[in-house]
Amino acid sequence: MSEHKPYSFFQSVERSFDKAAKFTNWEKGLLEQIKACNSIYSMRFPVKMDDGRIEVIEAYRVQHSQHKSPCKGGIRFSEEVNQDEVMALASLMTYKCAIVNVPFGGGKGGIKINPRSHSTYELEKITRRYTAELVKKNFIGPGIDVPAPDYGTGEREMAWIVDTYASLKPGEIDAAGCVTGKPVTQGGVRGRKEATGLGVFFGIREVCNMPDVMQKLGLTVGVVGKTVVVQGLGNVGYHSAKFFREAGSKVVAIAEYEGAIFNAAGLNEEEVFQHRKKTGSILNFPGATNLAKSTDALELECDILIPAALENVINGENAPRVKAKIIGEAANGPLTPEADEIFSAKGILVVPDMYLNAGGVTVSYFEWLKNLSHVRYGRMEKRFTENMNNHILGQIEELTGKKVTDSERTFILHGPEEVDLVHSGLEETMITATREIMEIWKNNPDIPDMRTAAYVCAINKVGTSYAELGIFP
Ligand code: NAD
């Protein structure tokens with residue numbers, strides 16, 4: 001569908017902000033300060049390619065808000081990168097961090113390249129030079145600005161960044177905290193891979209545990225037995241489907257770009273994933289029906305729809321046919337503003353991307369804390385907890401004369417590993433954020449949707465920070 005786009009990405013973020021700002025009491029100047037990008041670094045640097053040619057690389061780092069330090073946000077490698085996009089993404093990071101109580105300002109970086117048309121060695125040279133440019137201008141550091149992966153970047157690039165930073169800052173004891181999303185062997189944290197999908201699950205589960213919200217939607221409380229449709233079987237979609245299934249929901253349909261499959265009895269995402277790996281497609285999965293078009297999955301009768309693939313997949317054209325009661329925006333921007341209005345009018349609950357997919361940044365925060373503390377989560381308390389649990393259980397068994405089963409024993413004795421603590425911290429974060437946003441919405445019935453309530457939540461938190469700090473001087 002071709003869509004007329006009168007506003008740039010950054011301008012449309014500003015519009016959403018303005019819409020929500022009306023429901024707050026901050027003075028105009030303070031709101032302008034919250035909206036503005038504090039520092040924008042636009043750079044050009046030369047890199048010699050494998051064939052001896054010199055290419056001038058266009059790249060950016062934007063620090064949207066320094067109301068908290070450091071700034072935080074991913075680095076994107078894409079041919080579409082431009083300053084406006086990086087500014088928009090950096091501002092969304094400020095609001096996202098504020099909502100989930102991650103004490104960072106928003107940042108974002110971008111390098112305008114197609115990573116697929118460069119060799120690994122060229123990508124390494126580009127990434128290392130970009131990091132050196134950031135160091136030169138004091139735009140990176142554990143207390144200044146901490147990048148992370150985004151489109152086109154991953155653990156490998158983060159390892160190059162930390163290595164470059166550490167070489168240029170010899171003796172800086174906290175150097176590992178200059179970037180997150182690192183391999184575990186380079187100071188990364190366990191539990192990051194599934195973090196976004198797990199966060200999506202925790203957020204939606206909390207909404208489903210709210211009796212008044214469920215009553216309005218005509219649904220029962222809890223996720224057990226709820227039907228779920230997932231679009232995109234990538235990192236976020238796969239893990240969202242996994243955690244819903246494990247909690248007792250039925251994932252009745254999964255859509256990928258080549259098509260979609262349906263089974264009213266529920267699908268197992270791992271089996272579908274393996275089938276796709278073997279045959280090259282999710283279609284013709286044993287026991288499931290193929291849908292005529294991939295997008296048909298979005299219009300199926302279901303309780304929860306999870307778009308976890310791309311932006312703008314639900315728009316003014318197909319939104320009127322969507323039958324889900326709850327839409328969980330796992331992807332970034334899967335709904336157009338037209339779709340938003342249609343769902344708001346129909347009473348369909350849209351749980352907004354800005355906080356629902358914040359699992360990644362939340363776990364990045366845990367990684368940064370781990371780097372600053374120089375100790376793996378669980379190392380100090382795991383054995384102590386296990387010994388203590390063993391002792392308590394032994395006493396109970398002795399006093400009652402009864403024994404628990406072997407599987408119960410394993411469960412009760414288990415002391416926390418790093419991954420347990422990371423999951424638990426994420427669960428706490430998503431539950432708290434969901435409750436805070438819902439509380440704001442309930443207290444102001446004029447707020448049209450949960451997205452606006454999320455923005456109000458963010459504006460109030462950043463506003464409070466500025467107000468308490470005062471403006472210098
Ligand atoms: P991914 O590349 O692992 O997965 C995306 C999947 O969607 C792929 O399997 C792809 O084949 C599929 N897909 C592409 N086009 C499709 C279509 N038209 N119909 C159905 N499926 C289609 O990416 P991801 O990391 O899972 O990210 C998905 C979305 O979540 C993106 O919008 C991303 O910005 C957002 N997100 C990701 C994270 C994270 O931690 N990975 C964090 C926040 C937000």
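Residues: numbered from 1 along the sequence shown. Counting starts at 1 for both ligands and their atoms, in listed order.
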Visitor: Give me the ring orientation class for Tyr130 and Phe45: parallel if the planes are under 30° apart, tilted from 30 to 60°, perpendicular past 60°.
Guide: tilted
Visitor: Once you restrict to heavy atoms under 4.0 Å, what part of Ala330 touches ligand 1? Side chain, backbone, both or neither.
Guide: backbone
Visitor: With a cutoff of 4.0 Å, is Tyr151 in contact with ligand 1, counting heavy atoms of the residue only?
Guide: yes
Visitor: Can you confirm, on distance only, whether ligand 1 has an N/O atom lying under 3.5 Å from any N/O atom belonging to Asn235?
Guide: yes
Visitor: Within 4.0 Å of atom 23 (O) of ligand 1 (strictly less), any protein heavy atom?
Guide: no
Visitor: For atom 16 (C) of ligand 1, what's the nearest protein heavy-atom neighbour? Residue, atom name and distance, please.
Guide: Tyr257 CB, 3.6 Å
Visitor: Classify the ring geometry of Tyr238 against Phe273: parallel below 30°, tilted from 30° to 60°, perpendicular beyond 60°.
Guide: perpendicular
Visitor: Which of parallel (below 30°), tilted (30 to 60°) and perpendicular (above 60°) describes Tyr95 and His64?
Guide: perpendicular
Visitor: How far is atom 43 (C) of ligand 1 from the closest protein heavy atom, and which atom is that?
Guide: Asn357 O, 3.5 Å
Visitor: Using a strict 4.0 Å cut-off to heavy atoms of Val236, name the atoms of ligand 1 that fall inside it.
Guide: 24 (P), 25 (O), 26 (O), 27 (O), 30 (O), 37 (C), 38 (C), 39 (C), 41 (N)
Visitor: Run the numbers on Phe262 and Asp296 for side chain to side chain contact (heavy atoms under 4.5 Å, CB included), then give the verdict.
Guide: CA-CA 10 Å; Phe262 171 81; Asp296 288 350; over 6 Å; no
Visitor: Taking only heavy atoms of Glu256, which atoms of ligand 1 are found under 4.0 Å from at least one of them?
Guide: 6 (C), 7 (O), 8 (C), 9 (O), 10 (C), 11 (O), 12 (C), 13 (N), 19 (N), 20 (C), 21 (N), 22 (C)
Visitor: Tell me whether ligand 1 is touched by Ala309 - counting only heavy atoms on the residue side and a distance under 4.0 Å.
Guide: yes
Visitor: Would you say atom 7 (O) of ligand 1 touches the protein, meaning some protein heavy atom is under 4.0 Å from it?
Guide: yes
Visitor: Specify the protein heavy atom at minimum distance from atom 32 (O) of ligand 1: its residue, its atom name, and the distance to 0.1 Å.
Guide: Asn332 N, 3.1 Å
Visitor: Any N or O of Lys96 that comes nearer than 3.5 Å to an N or O of ligand 1?
Guide: no
Visitor: Which is closest to atom 18 (N) of ligand 1 by heavy-atom distance: Val230, Thr196, Leu310, Ile254?
Guide: Leu310
Visitor: Set out, in order, the CA-CA distance, both residues' side-chain angles and the distance that settles salt bridge (Lys or Arg N to Asp or Glu O under 4.0 Å) for Glu133 and Lys137, then state yes or no.
Guide: CA-CA 7 Å; Glu133 294 294 324; Lys137 290 280 192 292; 5.7 Å; no
Visitor: How long is the straight-line distance from CG of Asp18 back to CZ of Arg15, given to the nearest 0.5 Å?
Guide: 8.5 Å
Visitor: Can a salt bridge be assigned to the pair Lys242 and Glu194 using a cut-off of 4.0 Å between side-chain N and carboxylate O?
Guide: no
Visitor: Would Glu418 and Arg376 pass as an ion pair if we require N to O under 4.0 Å?
Guide: no
Visitor: Under 4.0 Å from a heavy atom of Ala331: which atoms of ligand 1 are those, numbered in the order shown and with their elements?
Guide: 29 (C), 30 (O), 32 (O), 35 (C)
Visitor: Can you tell me the protein heavy atom closest to atom 4 (O) of ligand 1 and the distance?
Guide: Gly234 CA, 3.1 Å
Visitor: Answer with side chain, backbone, both or neither: which part of Ala255 has a heavy atom less than 4.0 angstrom from an atom of ligand 1?
Guide: backbone
Visitor: Does only the side chain of Ala308 get under 4.0 Å from ligand 1, or the backbone, or both, or neither? Count heavy atoms.
Guide: backbone
Visitor: Using a strict 4.0 Å cut-off to heavy atoms of Gln231, name the atoms of ligand 1 that fall inside it.
Guide: 19 (N), 20 (C)
Visitor: Give a yes or no on whether a salt bridge exists between Glu436 and Lys461, defined as a side-chain N under 4.0 angstrom from a carboxylate O.
Guide: yes
Visitor: Cut-off 3.5 Å, side chains only: do Thr336 and Glu338 have a donor facing an acceptor?
Guide: yes
Visitor: Check for me whether the distance between the ring centres of His423 and Phe202 falls short of 6.0 Å.
Guide: no
